[in-house]
Amino acid sequence: MDVKSRIHILRKQLADHNHAYYLLDSPSVSDYEFDQLLEELIQLEKSHPEFFDENSPSQRVGGDVNKSFDTVAHKRPMLSLGNTYSEEDLRDFDKRVQKIITEPYTYVCELKYDGVSISLHYKDGVLKQALTRGDGTQGDDVTANVRTINSIPLILKGNPPKEFEIRGEIFMPHKGFLEMNTDRLESGLDSFANPRNAASGTLKLQDSKVVASRPLDCFLYHSLGELIEIDSHYERLEVAREWGFKTPTDTKPCKSIEDVLDFVNHWETARKDLPYDIDGIVIKVDGILQQEELGYTAKSPRWAISYKFKAEQAVTILEKITYQVGRTGAITPVANLKPVQLAGTVVKRASLHNADQIAKLDVREGDTVYVEKGGEIIPKIVAVDVKERDLFSQSVTYITHCPECHSELIRKEGEAQHYCLNEKSCPPQIKGKIEHFISRKAMNIDGLGSETIDLFFKEGLVHNVADLYSLKKEDILPLERMAEKSANKAISSIESSKSIAFERVLYALGIRYVGVTVAKKLAFHFQSIDKLRNADFDALIKVDEIGERIAQSWLNWLEENENIEILNRLSKAGVSLEIDQAILAERTDVLEGKSFVISGVFTHHTRDELKKLIDKNGGKNTSSISKKTTYLIAGDNMGPSKREKAEKLNISIISENEFIDLLT
Ligand code: IVH
């Protein structure tokens with residue numbers, strides 16, 4: 001077979017497997033087989049650049065960097081929907097429809113996905129352009145980023161019209177959102193406030209490779225164009241599904257407004273169990289000709305309306321805005337509230353995120369504010385009751401200097417947060433770094449807590465992490481609240497931290513972007529702090545998963561004399577700064593490239609022991625089952641849903657003994 005035909009076949013096969021996995025939720029091949037096919041395609045495309053195709057499955061990984069996005073006019077305006085908040089509003093909507101449409105009509109109810117709207121253009125069955133909503137008449141061309149979203153087809157199946165547009169919502173499911181935020185926090189990055197912000201922030205990123213690594217998904221719910229000769233919105237979506245689009249699943253045709261109300265009531269509570277956020281229900285007249293008859297107002301269609309769920313809200317007074325300094329120097333403004341009951345807890349504080357957020361809300365001290373608990377853990381201020389505002393109230397002047405060390409704050413271009421750069425002597429940064437160092441995932445010094453660190457710092461006993469190892473019992477015993485027992489515990493747990501593995505010490509140093517995973521990669525690759533210190537930029541970025549940003553951050557850290565001194569002192573104190581040779585000797589790569597989920601109770605090993613075995617043999621531990629999982633190790637009392645999911649995804653389910661056999 002000639003190369004061109006082989007490339008063609010591989011592209012078709014990979015697109016079909018992708019469709020089976022992301023749309024049908026039933027994988028047609030194992031990960032391994034998929035990766036083999038993809039690798040073959042990548043190699044062929046590399047040696048035959050004349051066959052390049054931007055819609056090849058190999059392009060899903062991204063690559064294009066957009067300096068700025070082109071603005072493109074929408075063929076038809078992207079309107080928004082009118083909102084309703086009550087049963088009465090919905091009945092009024094139905095009455096308005098009845099007035100215009102005299103013959104029978106039905107509604108279709110859909111979930112209202114809480115993400116960013118997107119318009120996709122296809123020509124001759126391939127994706128040509130993806131535009132954001134923008135101001136409704138023109139949007140940004142984000143095609144390169146959208147190509148990386150696996151659930152969006154690049155090439156359609158069946159017989160779609162020659163040219164058409166379909167619109168929908170790009171969103172981030174909860175699971176991916178939480179994992180991404182945990183990783184970001186561990187690496188010293190700001191976390192996203194909610195999945196919607198994460199989705200919209202991601203879609204506007206310049207580097208499509210980064211977009212490819214983010215867990216975006218997309219439902220398509222609105223097909224446009226006279227070319228589709230089907231007079232029913234519901235049926236159009238069914239056909240769109242056959243062409244390869246991910247269309248809404250929890251959709252219901254409703255014969256009457258009573259059916260609509262039942263649907264709305266059901267999802268008012270059932271939405272809590274969905275794996276993504278919805279903020280309401282969209283009710284659409286099903287007949288396309290009837291939709292045209294109803295037409296549009298300047299802002300929204302008359303044939304559809306949204307019903308918005310009520311977020312739990314409370315009204316209270318914003319007493320004071322204070323500013324917190326994090327371990328990385330990031331400043332977060334905090335609203336200190338008059339305590340108020342909200343969704344089962346008493347709320348005293350709400351995050352104001354950054355200076356832009358304060359300006360956007362024009363929130364001021366003394367204001368009466370509406371506080372809401374959405375998907376986020378920390379409540380937020382959603383609005384100000386300006387009518388209640390004091391005549392003499394003044395708008396907030398954002399601080400220009402650090403509230404703790406008084407150095408001038410810096411806000412870098414493109415960053416939302418202000419930063420205090422005085423790492424070396426800003427107290428919360430110093431204490432924050434030490435607290436991170438002693439934390440469980442780092443050096444696990446459980447004889448110390450944030451209060452003791454505070455005390456030691458105040459007394460001038462510790463200024464950086466190396467100082468911990470110079471502490472003596474007689475230094476700390478005279479301190480307030482330090483009894484013989486707690487002093488002993490503090491000293492002994494510092495002592496035992498000396499045997500903590502090198503990769504954890506590296507993570508404990510709290511270097512920006514060096515989270516648990518990165519620290520592990522660096523530690524096992526270079527094996528000792530000396531080799532790591534000698535590595536230059538090129539050597540660093542050659543390591544799997546180490547990018548330019550991480551490499552630069554490490555090199556910047558090394559440039560500080562104080563940090564070198566810390567390393568030298570840690571080394572002198574006996575902290576492990578190289579991989580233990582015994583561990584290295586025990587390590588194998590028999591599980592290289594394999595990903596495991598452990599579930600249930602086992603006879604011969606604890607779950608922790610199994611995890612360690614996986615780690616030691618080059619495998620990867622993950623907490624939940626996905627397409628990427630190779631094996632589910634099943635013990636007693638494993639939850640039935642885990643088994644079901646693994647079976648659905650064709651993942652091998654093995655026993656404890658079968659796992660041990662894999663190691664030999
Ligand atoms: S239909 C002419 N259906 O809600 C408007 N919109 O507030 C056609 N949205 O801009 C939109 N889920 O971004 C429609 N099932 C759904 C939706 C939905 C979410 C968003 C969409 C729209 C906004 C309007």
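Ligands are counted one by one from 1 in listed order, and the atoms in each one are counted from 1 as well. The first residue in the sequence is number 1, and the count goes up from there.
Distances below 4.0 Å separate heavy atoms of L79 from the following atoms of ligand 1: 5 (C), 10 (O). Distances below 4.0 Å separate heavy atoms of S117 from the following atoms of ligand 1: 10 (O), 13 (O). For ligand 1, the atoms lying closer than 4.0 Å to a non-hydrogen atom of E110 are 3 (N), 15 (N), 16 (C). Atoms of ligand 1 found under 4.0 Å from any heavy atom of E169 (numbered from 1 in listed order, with element): 9 (N), 13 (O), 19 (C), 20 (C), 21 (C).
The protein heavy atom nearest to atom 14 (C) of ligand 1 is Y221 CE1, 3.2 Å. The protein atom (non-hydrogen) at minimum distance from atom 4 (O) of ligand 1 is K112 NZ, 3.2 Å. Looking from atom 8 (C) of ligand 1 to the surrounding protein, the closest heavy atom is H222 ND1, 3.8 Å.
The shortest N or O to N or O distance between R133 and ligand 1 is not under 3.5 Å. Of the N or O atoms in S80, none lie within a sub-3.5 Å distance of an N or O in ligand 1.
Taking 4.0 Å as the cut-off between side-chain N and carboxylate O, D124 and K162 count as a salt-bridged pair. Classification of R196 and D277 as a salt-bridged pair fails, no side-chain N sitting under 4.0 Å from a carboxylate O.
Q324 and T332 form no side-chain donor-acceptor contact under 3.5 Å, judged by distance and modelled atom types alone. For the residue pair Q59 and E54, no side-chain donor N or O sits within less than 3.5 Å of a side-chain acceptor on the partner.
The residue from F171, Y113, W303 that puts a heavy atom closest to atom 12 (N) of ligand 1 is Y113. Looking at L81, I305, V282 and measuring to atom 24 (C) of ligand 1, the nearest heavy atom belongs to L81.
The closest approach between any non-hydrogen atom of L111 and ligand 1 is below 4.0 Å. The shortest heavy-atom distance from P301 to ligand 1 is under 4.0 Å. Close to ligand 1: K284, with a non-hydrogen atom less than 4.0 angstrom away.
Checking each of N18, I155, L154, L41 against P57 for a side chain to side chain contact (heavy atoms under 4.5 Å, CB included) leaves exactly one that passes, namely L41.
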